[in-house]
Amino acid sequence: MLVEILQTVLSGISIGCIYGLVALGFVLIFKATEVINFAQGEMMVIGAFIAYSLITMLNLDYWLALLITILALGLFGMLLERFVLRSLIGEPVFAIVMLTIGLGYAIRSGVSMVPGWGTDTYGFHTPFTDKNLHYGDLVISWEQVSVILMTLVLIIVLFCFFRYTRMGIAMRATSQNQLAAVYMGISVNRVFSLTWTISAALGGIAGILLAPFTFVHMNMGFIGLKAFPAAVLGGFGSIPGAMVGGVIIGVTESLSGVYLPEGWKDIAAYIILILVLMLRPEGLFGIQEKKKV
Amino acid sequence: MRFVMKRDYNEDIRLFRYRSTFFWYLALVAGCLMAPLVLDEYLLSQLTFVCMYSVATVGLMLLTGYTGQISMGHAAFFAIGAYTSAILTNHGVPFLMALVAAGFLAGLVGIVIGLPALRLSGLYLAIATMAFSFIVEEILARWESVTRGNMGMMVEPPSIGPLVFESETRYYYLSLVILILTIVAARNLLRSPTGRAMVAIRDSEVASQAMGISLAKFKTMAFAISAFFTGVGGSLYAHKLTFINPESFTILLSIELLAMVIVGGLGSIHGAVFGTAFIIFLPQIIIMTKDYMPKYLAEQTGLEPFIYGVMIMLFILFEPLGIYGRWRKTKFYFEMFPLYKKDTFRREKKYFKAERH
């Protein structure tokens with residue numbers, strides 16, 4: 001019984017980490033530019049497909065493939081910001097929401113048109129495939145552990161970046177007050193561009209990490225929608241909040257998948273979302289900012 | 001360039017700005033009535049789809065285009081309308097009553113959703129309505145005793161008294177009449193104090209509050225009215241397809257409805273209809289142009305959604321006022337002929353923090 005609960009919680013944490021990574025992508029962009037990238041889930045799709053091609057078709061090493069995917073996605077995010085989103089700075093929110101929805105549509109079906117990718121489901125080998133840890137009755141798969149560990153590493157890297165580097169501090173300053181940041185000599189355009197780069201790369205990493213669980217498929221981006229509850233639960237502007245929210249959503253989901261009737265698993269996250277919005281709209285870690293006229 | 005002289009308030013809120021406009025609309029209605037004589041069965045059925053989706057998009061337009069609230073959950077209201085109507089008519093309730101009931105139930109749910117939505121705005125509202133739509137979809141799939149779950153349910157063709165709307169032509173007339181009623185109702189709503197309060201909320205919540213408009217009341221009302229129309233549209237949809245299952249009402253439908261409204265042009269009833277027609281006929285246009293494409297591209301199943309996504313992006317980037325905006329610009333160009341200024345339609349950009357609170 002205890003083993004079962006532990007195992008469920010662990011798998012919840014690992015999937016929650018992925019939600020958290022996607023939510024982190026939302027949060028970074030939201031903090032810097034006040035828009036939401038509804039195509040964040042599709043970044044995952046691209047990341048997973050690129051990694052699949054590199055590993056399976058070109059027989060590259062997993063870690064090398066991971067690195068190339070991160071760079072490729074980062075570049076993609078940067079180009080996207082430069083050529084599509086920059087012209088929309090200052091437009092109403094729904095315009096950008098709709099634009100990223102359209103983008104998500106285009107990417108999802110665009111992926112299916114690339115030769116060799118198509119609409120099929122793929123999987124690839126990682127160094128963690130089929131390896132398990134045994135503690136008595138408890139069996140933990142290395143894949144789950146790897147997701148949790150990689151997420152931890154990423155968070156530490158991001159934390160250090162935002163804490164100790166000039167660019168990281170500039171990004172935090174911009175998210176607090178754009179105008180003041182401009183006065184202080186920060187290039188807001190570069191900050192935006194870097195934000196999109198980082199968040200697209202995070203999406204790519206999430207895609208690679210998710211691939212062993214759901215396989216590589218053009219519709220795996222819909223998992224990205226589950227990251228909204230995670231981001232909202234953590235308070236939309238908070239980076240640790242996104243991770244904590246992701247883990248809470250992941251654990252709730254896997255527990256309700258085991259102990260509640262069928263169907264609850266799919267909507268548990270959204271019920272939490274609506275409850276949070278009704279009871280505590282600023283989320284767990286958010287700070288309620290007063291709106292100025 | 002024509003100038004309209006307005007001498008009192010009633011003239012300001014007239015339904016038609018110029019007298020000639022009335023005759024043009026009359027001609028349009030006459031043309032729509034004649035359509036079955038000219039068009040073949042297939043095109044007519046597409047036109048029926050335009051009519052019934054338009055009923056829903058006019059509803060969404062009232063909420064998104066006129067009250068400024070984004071909803072990514074209108075598929076849920078559409079589904080509630082469809083299922084209510086289907087279940088009621090299968091139990092022997094007359095179609096017209098079921099149609100109205102479908103609208104009212106959707107409207108009631110709209111109030112329930114509208115209430116928590118009062119505290120939210122912009123992005124949060126979009127996310128909350130999206131979550132709501134997922135929950136409704138799951139309920140429809142799991143509440144098998146009523147909705148028959150994923151098996152879907154059959155719906156009979158509607159009938160009013162002895163008149164059964166079986167044929168394509170009859171169903172077209174039915175949808176057309178309901179669409180016209182919807183548009184007239186929406187136009188009338190918009191020139192009433194309620195409608196102008198809604199527009200005021202869209203333009204500035206703070207200013208409208210200062211003018212004594214109760215945000216709670218009018219936002220909830222906008223949600224309810226919008227959901228009502230969308231529910232009616234859903235009911236028409238169910239009876240047209242004669243088969244419904246939860247898979248027809250996913251988030252993709254919500255996005256499609258939103259895309260129709262945005263492509264058509266936010267803030268105009270014309271836009272709702274134009275956008276719907278555009279999105280419905282887009283697949284046809286794509287199929288027609290397939291002969292001119294490279295073979296590899298033409299064979300892809302993903303081509304249609306791809307073009308669809310790119311269309312949305314292009315409209316947002318280059319013609320944010322939508323098809324109706326383009327029409328107005330063209331008209332303005334000819335009216336003002338040598339004096340046309342591009343800046344007349346320039347958008348105002350806002351660089352301060354507006355959404356965060």
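Chain naming here is simple, since letters A, B, ... match the order of the sequence lines and numbering starts at 1 in each.
Taking every heavy atom of both residues into account, B/Ala128 and A/Ile274 meet most closely at O-CD1, 4.2 Å. The shortest non-hydrogen separation linking B/Leu252 to A/Phe222 is CD2-CZ, 4.3 Å. Here the closest non-hydrogen pair linking A/Met98 and B/Ile255 is CE-O, 4.0 Å. Closest heavy-atom contact between A/Ser109 and B/Pro305: OG-C, 3.5 Å. The shortest non-hydrogen separation linking B/Phe306 to A/Ala106 is CD1-O, 3.1 Å.
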| Can B/Met72 and A/Ile101 be said to form a side chain to side chain contact (heavy atoms under 4.5 Å, CB included), step by step? | CA-CA 11 Å; B/Met72 285 184 61; A/Ile101 287 175; 3.8 Å; yes
| said: Please determine whether side chain to side chain contact (heavy atoms under 4.5 Å, CB included) holds for the pair A/Phe38 and B/Met130, giving the CA-CA distance in whole Å, both sets of side-chain angles, and the decisive distance to 0.1 Å. | reply: CA-CA 12 Å; A/Phe38 273 80; B/Met130 188 178 80; 4.3 Å; yes
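Residues A/Leu99 and B/Ile312 have side chains not in contact (no heavy-atom distance under 4.5 Å, counting atoms from C-beta outward).
Residue contact with chain A, scored on non-hydrogen atoms closer than 4.5 Å, involves the backbone and the side chain of B/Phe132 alike. Residue B/Leu266 touches chain A through its side chain alone, counting heavy-atom pairs closer than 4.5 Å. Both the backbone and the side chain of A/Val84 come within contact range of chain B, with heavy atoms under 4.5 Å apart. Interface remark: A/Ile107 contributes no atoms to any contact with chain B (heavy atom separation under 4.5 Å). For a residue to count as touching a neighbouring chain, one of its non-hydrogen atoms must lie under 4.5 Å from one of that chain's; by this rule B/Ala141 does not touch chain A. If you measure heavy-atom distances from B/Ile262 to chain A, the contacts under 4.5 Å come from the side chain alone. Interface remark: A/Leu273 contributes side-chain atoms only to the contact with chain B (heavy atom separation under 4.5 Å). If you measure heavy-atom distances from A/Leu103 to chain B, the contacts under 4.5 Å come from both the backbone and the side chain.
Atom-to-atom distance recorded for A/Phe228:CZ and B/Ile127:CD1 is 5.0 Å, nearest 0.5 angstrom.
Counting heavy-atom neighbours within 6.0 Å of B/Glu247 CD, excluding the residue itself, gives a total of 12 or less. Crowding of B/Arg328 atom CZ: a count of heavy atoms from other residues, nucleotides or ligands under 6.0 Å not exceeding 12.
Note: A/Tyr105 and B/Tyr308 have tilted aromatic rings, judged against thresholds of 30 and 60 degrees for the angle between ring planes.
Chosen from A/Leu179, A/Ile96, A/Val276, A/Leu225, the residue pairing most often with chain B at heavy-atom distances under 4.5 Å is A/Leu225.
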